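All figures in this text were calculated on a predicted structure; none of them were measured in a lab.
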Amino acid sequence: MAFCSALLNGRFCSSRLSPLISERSLATSHHAAWYKESLEHPEEFWGRLARERLRWMKPFTNVMDCSLKDGHFRWFEGGKLNMSDNCLDRIVEKDPDRLALIWEKDEPGQQEYITYQELKNLTCRVANTLKSQGVKKGDVVAIYMPVSLEAAAVMLACTRIGAVHSVVFAGFSPTALKNRILDASAETVITTDEGVRGGKTIPLKQTVDAAVSDCPCVKRVLVATRTGADVAMKDGRDYKLDELMKGESPECPPEPMDSEDPLFMLYTSGSTGKPKGILHAHAGYMLYSGLTQQYVFDYKVGDIFACVADIGWITGHSHALYGPLINGGTSVLFESLPIYPDPGRYWEMVQRLKVTQIYLAPTSLRLLLKAGDSYVKKYDRSTLRTLGCVGEPLNDEAWRWYHKVVGEERCTVVDTWWQTETGGIMIAPRPSSSDSTPKAGYPMSPFFGIDPVLLDNNGKEITGNDVSGNLCIRNPWPSIARTIYGDHEKFLNTYFTNYPGYYFTGDGAYRDKDGHYKITGRIDDVINVKGHRIGTAEIESALDHDSRVAESAVVGYPHEIFGEGIYAYVILKDGVTDNEDDIKKDLVQLVKSQIGSFAAPQFILITPGLPKTRSGKIMRRILRKISANETEELGDITTLADPSVVETILTKHDSTT
Ligand code: ATP
Ligand code: MG
């Protein structure tokens, strides 16, 4: 597919962009005033922003009808609007040639550009194709596509006709894909012939074939083209998307959607158990994703925003696609890997595309840190202003490296804490506020409208500062999940039953003496050793202070005397050749000096890798099982990126314990 690539050569320049962000810009002092208003007068606050920031086909009559006790959330009722109308048509009417997306393909330097007008045309043609195929409002469409312009258009096309997309990360196995298709009873699956990542091709259509052979619900499989490979096509079920689109018109009126109509469903990463199919609603998500995009990243129209997360995760939904487009911005879609062709890829891309904000995962940062500074320093990063991070606690060392080496101490690091279920960033520094000099390892401050509380195990609020507890949220916000698809009971039990009247996050947090928040890890990951409760993230941060350590994961295991013992899994940096026993001794000393003797690990296992989810998070529950010698029952490991790592760790564990 040929897209306009003449852009950037003069036709596109930020000075001629009319800003879409309409409300008064926020000076530092306004943040505090807005935050106060958002908690004290939520109806006025959210009502005003929803009217100002979104285009409504029919105005809403009621701002909110929510109950955390009942897990019941309805926002902007009575209103009608459409996601793709807000993301595309609104901008096209004012500035059709504005650059919408830059597709940073696997091959460096081969990026493709698409304007708002072109993206709208493409979206409408896909939308008309879906309609011709019989896809209707409310139907679930499973999308198993790599990051691409077509994938973006397919997602937008679903929202245009009111179909509910369920994007499944295109790295999942046939079984994982099958389970997600069946769970949602999807009749339509959209995929790509092959994916290209790190210079290798990935047989996506083949994976889909294996998955749907066991899915009687699937009526059609539409196949987009990436490599043009000759893939098997089943008669009467499989169709080439390009061919179907040929006769379709680039005009398709956006379906007026009720505010509360389902927008998309998306499965959680599966770090703590079986992934949950989280359902989000139209208006609330739309408002909140645009707002966080603007204020957390200090995002201005004309910026080149690069969220390198895959579209298969909530971060990719909110910050590669919807958040930037809602604000009329320009977003980079990243198809490749952080280490392809070498660990300088992100920074070479920053230089080439003049990226102003980058948003990535701690796992990539730790990987790049391990490779050394020269890959960063080679490239001009002077366009960068905000450095974002999400997914796991960002340990001190990685935070400092990001700030100092990548950002030259000039950029604001925003460690953003949120979840698939929250639909948007909940706790994060705001560069244009008094948070502009964040603390290492701290997401810092709640976003507008978010009231975090720390509760003890009995549900009693822990007040004051310099305290830790279970992180809960006291008030509803527009983009909170509406349900777990097909299992509302589980939705209520997971988030609203443990602490009635609160949203329970499952994470622990520390509030420091200034009232700033630090995430201490999952509540399940808190270790109770010799009567002391300590978050695994804190011990990991201490271990990471040793310059030979690239990454670590700490878990607790049953210990006869201490209650729980501490078991640390450690990956060393490339090229470290020191004696392992000496390193272990040093690490124990390090934790003793950084935290205290009680936190010193009883076991340290040096390993080449860690079990990670496909989104790059450490699956500590597997490490816990290994440490406790419960290796028979490892639980759901379908979201594991590389199962062979488990074998390696098991072998080493068996030989050292
Ligand atoms: P599952 O719910 O299936 O176990 P998951 O929780 O990993 O998977 P996500 O919604 O992708 O699924 O991740 C949200 C979780 O990621 C948070 O609850 C938190 O534990 C962790 N997280 C996200 N951002 C941060 C951050 N900035 N600091 C610390 N932890 C974070
Ligand atoms: Mg979770």
Side-chain angles (χ1 to χ4, degrees), residues 272 392-400 439-442 454-458 460 462 464-471 506-513 516-572 580-607 610 618 620-630 649 652-653 656-657:
T272 55
E392 288 183 290
L394 180 58
N395 51 304
D396 282 12
E397 200 206 355
W399 193 98
R400 285 183 214 287
K439 297 172 184 169
Y442 277 72
L454 301 178
L455 301 183
D456 69 15
N457 289 339
N458 301 317
K460 193 165 170 291
I462 304 168
N465 286 344
D466 192 18
V467 289
S468 300
N470 302 328
L471 179 62
D507 289 336
Y510 165 67
R511 188 166 52 224
D512 76 359
K513 60 177 179 20
H516 292 134
Y517 287 88
K518 182 184 178 81
I519 306 300
T520 49
R522 318 238 175 200
I523 286 164
D524 293 351
D525 294 337
V526 170
I527 302 177
N528 197 336
V529 59
K530 301 178 194 169
H532 302 282
R533 288 171 58 76
I534 182 155
T536 50
E538 197 169 348
I539 307 175
E540 287 159 13
S541 249
L543 292 168
D544 298 344
H545 272 104
D546 188 307
S547 60
R548 294 164 297 187
V549 172
E551 184 160 21
S552 61
V554 167
V555 296
Y557 67 97
H559 191 288
E560 276 184 13
I561 302 159
F562 303 153
E564 272 186 292
I566 296 172
Y567 195 132
Y569 297 81
V570 171
I571 304 182
L572 299 176
E580 284 198 5
D581 286 333
D582 293 341
I583 296 179
K584 288 182 193 175
K585 277 187 204 138
D586 292 347
L587 291 178
V588 168
Q589 274 316 316
L590 184 64
V591 177
K592 283 183 177 172
S593 66
Q594 292 271 325
I595 306 173
S597 299
F598 74 94
Q602 277 70 44
F603 271 111
I604 296 179
L605 187 96
I606 297 190
T607 165
L610 289 166
I618 301 167
R620 285 186 184 71
R621 64 184 161 93
I622 292 186
L623 298 176
R624 271 201 297 272
K625 295 265 182 193
I626 296 175
S627 316
N629 291 317
E630 292 168 8
I649 295 178
K652 204 149 181 203
H653 168 81
T656 47
T657 52

Could you give the distance from [atom1] ([X]) to [atom2] ([Y]), rounded to the nearest 0.5 Å?
| X | Y | atom1 | atom2 | result |
| --- | --- | --- | --- | --- |
| L394 | R400 | CG | CZ | 10.5 Å |
| H559 | F603 | NE2 | CZ | 8.5 Å |
| I527 | R624 | CD1 | CZ | 9.0 Å |
| I519 | Y510 | CD1 | OH | 13.5 Å |
| Q589 | K585 | CD | NZ | 10.5 Å |
| L572 | E580 | CG | CD | 6.5 Å |

Within the distance-only criterion (no hydrogens, no angle test), does the side chain of [X] pair as donor or acceptor with the backbone N or O of [Y] below 3.5 angstrom?
| X | Y | result |
| --- | --- | --- |
| E397 | S541 | no |
| Q602 | I566 | yes |
| K460 | L455 | no |
| E564 | N528 | yes |
| R511 | I462 | yes |
| Y569 | L623 | yes |

Indicate whether the side chain of [X] and that of [Y] have a donor and an acceptor atom separated by less than 3.5 Å.
| X | Y | result |
| --- | --- | --- |
| N629 | Y557 | no |
| H545 | N395 | no |
| D456 | N470 | no |

Minimum heavy-atom distance [X]-[Y], with the two atoms named:
| X | Y | answer |
| --- | --- | --- |
| H516 | Y442 | O-CE2, 3.7 Å |
| L471 | A509 | CB-CB, 4.1 Å |
| A568 | L543 | CB-CD1, 3.8 Å |
| A537 | T520 | CB-O, 3.5 Å |

May I ask you to test the [X]-[Y] pair for a side-chain heavy-atom distance under 4.5 Å?
| X | Y | answer |
| --- | --- | --- |
| E538 | V554 | no |
| I534 | V529 | yes |
| Y567 | I604 | no |
| I571 | I606 | no |

Please determine whether side chain to side chain contact (heavy atoms under 4.5 Å, CB included) holds for the pair I523 and D507, giving the CA-CA distance in whole Å, both sets of side-chain angles, and the decisive distance to 0.1 Å. CA-CA 5 Å; I523 286 164; D507 289 336; 5.6 Å; no
Hey, mind stepping through D512 and N465 against side-chain hydrogen bond (donor to acceptor under 3.5 Å, both in side chains) and telling me if it holds? CA-CA 6 Å; D512 76 359; N465 286 344; over 6 Å; no
Side chain to side chain contact (heavy atoms under 4.5 Å, CB included) between I622 and I626, worked out: CA-CA 6 Å; I622 292 186; I626 296 175; 4.2 Å; yes
Are E630 and R621 within salt-bridge range, i.e. N to O under 4.0 Å?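 R621 and E630: not salt-bridged.
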Short N-O contact, D546 and R548, less than 4.0 angstrom: yes
Show your working on side chain to side chain contact (heavy atoms under 4.5 Å, CB included) between I618 and E551 and close with a plain yes or no. CA-CA 10 Å; I618 301 167; E551 184 160 21; 3.8 Å; yes
Check each of I583, D544, V549, T607 against V570 using the side-chain contact (heavy atoms from CB on, under 4.5 Å) test, and report the only one that passes.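 Only match with V570 under side-chain contact (heavy atoms from CB on, under 4.5 Å): V549.
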Step-by-step salt bridge (Lys or Arg N to Asp or Glu O under 4.0 Å) determination, E540 to R620: CA-CA 12 Å; E540 287 159 13; R620 285 186 184 71; 2.9 Å; yes
Given V555 and T536, is the side chain to side chain contact (heavy atoms under 4.5 Å, CB included) satisfied, shown in steps? CA-CA 6 Å; V555 296; T536 50; 5.5 Å; no
